[in-house]
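Letters go in sequence order (proteins before strands), and every chain restarts at 1.
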Amino acid sequence: MERKTIAEALRDGLREEMTRDERVFCIGEDIAIPGGWGGAFTVTLGLEKEFPERMINTPISEAGLFGAALGAAMMGMHPVADVQYGDFLLCAMDQIVDQIAKMRYMSGGRIKVPITMRAPVGATGRGAQHAQNLESIFFSVPGIKIVCPATAYDAKGLLKAAIRDENPVLIFEHKLLYGSKGARAESGAVDASSEIPEQDYIVPIGKGVVRREGTDVTVIGTLMMMHRALQAAEQLAGEGISVEVIDPRSLVPFDWELVEASVRKTGRAVVVEEGPRRGGVGAEIAAELAERVSDYLTAPVKRVASPDIPVPFSPPMEDFYRPDAARIVEAVRKIVS
Amino acid sequence: MERKTIAEALRDGLREEMTRDERVFCIGEDIAIPGGWGGAFTVTLGLEKEFPERMINTPISEAGLFGAALGAAMMGMHPVADVQYGDFLLCAMDQIVDQIAKMRYMSGGRIKVPITMRAPVGATGRGAQHAQNLESIFFSVPGIKIVCPATAYDAKGLLKAAIRDENPVLIFEHKLLYGSKGARAESGAVDASSEIPEQDYIVPIGKGVVRREGTDVTVIGTLMMMHRALQAAEQLAGEGISVEVIDPRSLVPFDWELVEASVRKTGRAVVVEEGPRRGGVGAEIAAELAERVSDYLTAPVKRVASPDIPVPFSPPMEDFYRPDAARIVEAVRKIVS
Amino acid sequence: MSQDAKFLLSLYRTMLLIRQFEERVKFLFLEGSMPGTIHQYQGQEAVATGVCAALNAGDVITSTHRPHGHAIARGVGVEPMMHELFGKVTGCCHGKGGSMHIGDLEKGMVPAIAIVGGNVPIATGIALAFKMRKEKRVAVSFMGDGAINEGAFHEAVNMGAIWSLPVVYVIENNLYSASTPIAQTVKLKHLSDRSAGYGIPGVTVDGNDVLAVFEAAKTAVARARAGEGPTLLECVTYRITGHSRRDPCHYQPEAERKQALLKEPIGRFAKHLMAAGIAGQTALDGIRREVDAEIEASVKSAMAAADPKPEDALNDVFA
Amino acid sequence: MSQDAKFLLSLYRTMLLIRQFEERVKFLFLEGSMPGTIHQYQGQEAVATGVCAALNAGDVITSTHRPHGHAIARGVGVEPMMHELFGKVTGCCHGKGGSMHIGDLEKGMVPAIAIVGGNVPIATGIALAFKMRKEKRVAVSFMGDGAINEGAFHEAVNMGAIWSLPVVYVIENNLYSASTPIAQTVKLKHLSDRSAGYGIPGVTVDGNDVLAVFEAAKTAVARARAGEGPTLLECVTYRITGHSRRDPCHYQPEAERKQALLKEPIGRFAKHLMAAGIAGQTALDGIRREVDAEIEASVKSAMAAADPKPEDALNDVFA
Ligand SMILES: Cc1ncc(C[n+]2csc(CCOP(=O)(O)OP(=O)(O)O)c2C)c(N)n1
Ligand SMILES: Cc1ncc(C[n+]2csc(CCOP(=O)(O)OP(=O)(O)O)c2C)c(N)n1
Ligand SMILES: [Mg+2]
Ligand SMILES: [Mg+2]
């Protein structure tokens, strides 16, 4: 076992899948330039040397490249299409939402669309257009699976599961969790590295995990918010509040079984997300829990999220925008009181 | 007072605002062709004769036309930009979500963006790409106001309010409520016409309305679902169940005061929407109500929505997809039992 | 009959099959027995027919909101198409697609894309797969004149160009995008001039002359198959029916419509066949009877076929 | 000094102000005192300077992720810019925008758009407003070579063309989009050839020759102002710094970089000024001292200025 960052683990995952299966290829901007960066966050670094014909470096044409991935997928290829920042998914929105997500359905189930899509999210000092957490937008689109790895182990396992899935899978990755190095390192980064097994493994899409066991309240969060939840749980333990932290890992499909079991035990839930509150993923989780386990809830589900504003640039405002451990602590204190 | 359809009321609204204010203009596809249709649903029919220089008929270029509207708005114009089907908003997604919604904020509040956007929604026998209710996607985007008129009175009043608003306002209109006539009539259409006052009026953005008073349960729905809720309420009255029907009219900002007051009275709420359930507007309303009026709720808020699938073409499947009065009745019966 | 004559008659038959199919569908639609909305192909038959005649079995086309002609020319089959238009579970998309998404990948046609311009990147990607796997297959993207102003067109054609992909981009210039005349949407003499912006060849042909279309397509397809990259092929034609549904086309000048009817591709090709001594009126009438019988049979079987079960709607989202 | 000499020296001063601003910002960034990320303009100064010199007060520019040069040339002012880069409430966007969204509409610059290609439709719309109101104002859209492969570019330029809008589309071809060389993204000799697809003039100039840029821009702006429509103006240049942040540019061939340094616009223009007897080394040094002092003052005042209050984040969403 070796310790790897998310960027490294994803790179290994791509390499292994491309080695295993000739149909797998990568398509994206600045992903295959000798002397370049391996995409915006070093994930594909050097892969162009190993797979010169399967690293497709595109012009800046997001609609074009996602549409091309769809065409190739229908011909039996397994493309991994990425954007440099999740925000740019919006430039390919029609291809993703109208074409990729619906093609199988419109064909009456006669076509498979094995596409993996990768998109970095998270506010990182770059201003409103390189910062959005778009989970809430894609979450409501039927026909796309969505995963959100918070650790290197999960990143590799979910990526490999996504590539082997016969359906469109969108992977949201967090800029501050990559562990990108050198000139591409991020300030404010959080260590999300893991011990990675030598042998092949996947993390099944749709299965969450309990990150920390507890009895008083269930805190649910993915990506960076999972790490913040763990921090909060640690702090709250000192106050005698026992927090169970659940990382759903997949948003679509969602591991209701795991979350429900936890909430039946704790009787309280706090849902944390980095995106804006209104219409967020947290709303769905809260609404569902209210229907699914209403008899067990001793308090209404609480949501911790960003306010309904674009992401501001200046650090004091950005820090105010993004939920942190303190805000989770506060919400938990309120719900247990 | 004269009875008008939504299409007619919107047309009158456009005419009056363009007459009142030289800065107002329309931009869209097939909106200003002599002998044409006045857009896909006859809303702009004939306006090109009255305002030959302010009806901008564009190529099929949604990103281009919404971006152009933004540029013009920053120069002080008040554009009304439309798509023929709401689905095509996805082609302009970057311009709407990254530019239009954020421009004022990124400027530090120094710029105004008075844009009105119009988009027809609803499943109407046209298959998956001309059918989506995209409320849930735009609902979570900070920086855009969203209104959903269910009657001709509201359509005109909200349109006029939107045009006079100094911010981006997105109007979702329902294809089956327009009352478009002649070759552009819709099968399955529902009468949404109203008596329209002679004098100028607006419907304030952010204010909902009680469509029917009741005491047992509050049913909340916009657009077509408001009409289905009224049908359901009528039927349920026969069973002795008294339903209060609320039409929020605006989704952003949302009239919490009105909805909360109703739910405090009835103790139960059913939220209805035509879009898919997961991550829908109903999730937000349910989650908020659970936090805001938990002490008054005698049962968890119920959601009635479409399943999480693309819109199927064949009528029996499409009818199954779209919530109808029967499904609302069923949900109400369950919640009061 | 010579091979050549057989081929010419097959072109005639395909065009007539499209025309008669569309006329029958129009009637069914207007009388109210067919659900949905339709965008029809009358007048443009030579384009789909000429282009698809230049393709091999393994080639793949992508299509638009106006796909019936493409589907017939590509061999999707009148029966599964008619069933789909009626929303029957036996349709080529099991009733989930409908008119605007008709297709059958097994026959070499991706379910049609109703988002204008949306199919062009998909064709580019299909060609990319062919090239990566070193298969000698070709992708064809059909699009209207309106589609060339969509960003998706631009991004996709540029990608096809820079990677020299085996793809042909076919513009069916019927002079209107919906109700908007071409002069209001581009400032070019020939739409194929747009090819200059991508560094690929552009060709304009008379899209009502099935043989001219076929020849131009043959050249473009051969280029693509030989690894020499894409061609932007403009076929100038005219839509002699409404844009969709019950469109009365008041925006088309009367004289223009009259002229267009004189130049429509089927009557014109019939004249050519007769003048060249390839077929007489009797033979052509025979083809028409055959074609009509095939269509009629499809209508009968479609009307008799089963509707999907409502809850079938829940299937086919994920594999 | 003659008017002409004054003008030439003002061009020199603007270019130097941009260069020194960027060098100072680079240092501040690398030493860690400046937040965010940056995309810098070193090497491309002649483009912004030459183009903006051709504009009038009422004209409006739109810009990109690499906007500092445009902002300085358009007169946004070094002080409000520096404050913005530091995220101060006194910045030109009150700290909400940052480097990639710098601008000041009152000075004729829309807050920059960091979505590649995203600013082009906006410029088209600005020009549309000018035309509708019959104002003799011109819009300019700056974009990189990479932006011309975005759909937004295509849709916007076509609209500008068909409506003959008063807009100039300026491509700064620095041979790379991020790390990707231009040969991998387009198949054209001159990027201005793309103009043929829209039926508008295309011009390519040496983007490191500020006078050549100015002359070409003057012509394009005059055309636009006269109601004759847009021009696609390609300025060929080179980015002599990293794409962003700490980019070491290993993807640029060493020899190419060396060559580029020889051709960079400021040294070159200095030589021209001296050779033409317009200014001696002392005068140029004086300008440099002035410029440096202005920048230094802005750094000082920015560092001393107040941060926004965290909860200021909640303001400015709606008017
Ligand atoms: C992205 C998008 N915008 C608008 C439409 C609505 N629409 C359907 S067909 C059509 C006209 C298409 O014109 P053209 O491409 O010339 O094809 P034609 O109808 O002439 O075959 C329009 C505007 C659409 N389907 N997709
Ligand atoms: C839509 C979009 N895609 C990708 C990016 C990431 N990105 C930022 S700058 C850049 C390269 C831009 O190249 P070019 O247009 O030539 O401008 P230059 O950086 O050379 O000034 C890329 C890919 C982006 N900002 N927006
Ligand atoms: Mg057309
Ligand atoms: Mg560049």
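Heavy atoms closer than 4.5 Å to chain A are found nowhere in D:H65, neither backbone nor side chain. With a threshold of 4.5 angstrom between heavy atoms, A:P34 approaches chain D through N, CA, C or O but not through any side-chain atom. Within the 4.5 angstrom heavy-atom criterion, atoms from both the backbone and the side chain of D:P308 approach chain A. Contacts between D:Q252 and chain A at a heavy-atom distance below 4.5 Å are absent for every atom of the residue.
Close approach to chain D, defined as a heavy atom under 4.5 Å from one of its heavy atoms, is seen in A:G125, A:R126, A:G127, A:A128, A:Q129 of residues 122-129 of chain A, taken by number. By a heavy-atom distance cut of under 4.5 Å, A:F88, A:C91 are the residues of residues 83-93 of chain A near chain D, going up by number. For residues 235-242 of chain D, heavy-atom neighbours of chain A at less than 4.5 Å comprise no residues at all. Residues from residues 27-41 of chain D that place a non-hydrogen atom less than 4.5 Å from a non-hydrogen atom of chain A comprise D:P35, D:G36, D:T37, given in numerical order.
Contact count versus chain A (heavy atoms, under 4.5 Å) is highest, among D:M100, D:E150, D:R246, for D:E150. The greatest number of non-hydrogen atom pairs below 4.5 Å with chain A, out of D:L314, D:D307, D:V186, D:V116, is found for D:L314. Put simply, of D:P248, D:G117, D:A178, the one with the most heavy-atom pairs under 4.5 Å next to chain A is D:A178.
With values rounded to the nearest 0.5 angstrom, D:E84 atom CD is found 8.0 Å from A:S314 atom OG. Taking CZ of A:F313 as the reference point, atom OG of D:S99 lies at 7.5 Å (rounded to 0.5 Å). Remark: A:I33 CD1 to D:Y176 OH distance equals 9.0 Å, nearest 0.5 Å. Note that CZ of A:F320 is 9.5 Å distant from CG of D:D312, once rounded to the nearest 0.5 Å.
Residues A:M317 and D:K309 come closest through the heavy atom pair CG-O, 3.7 Å. Shortest non-hydrogen contact noted between A:P312 and D:A313 is CG-CB, 4.0 Å. For the pair A:H130 and D:A114, the tightest heavy-atom approach, listed with the atom from each and the gap, is CE1-CB, 3.4 Å.
Between the side chains of D:T180 and A:D30, at least one donor N or O sits under 3.5 Å from an acceptor N or O.
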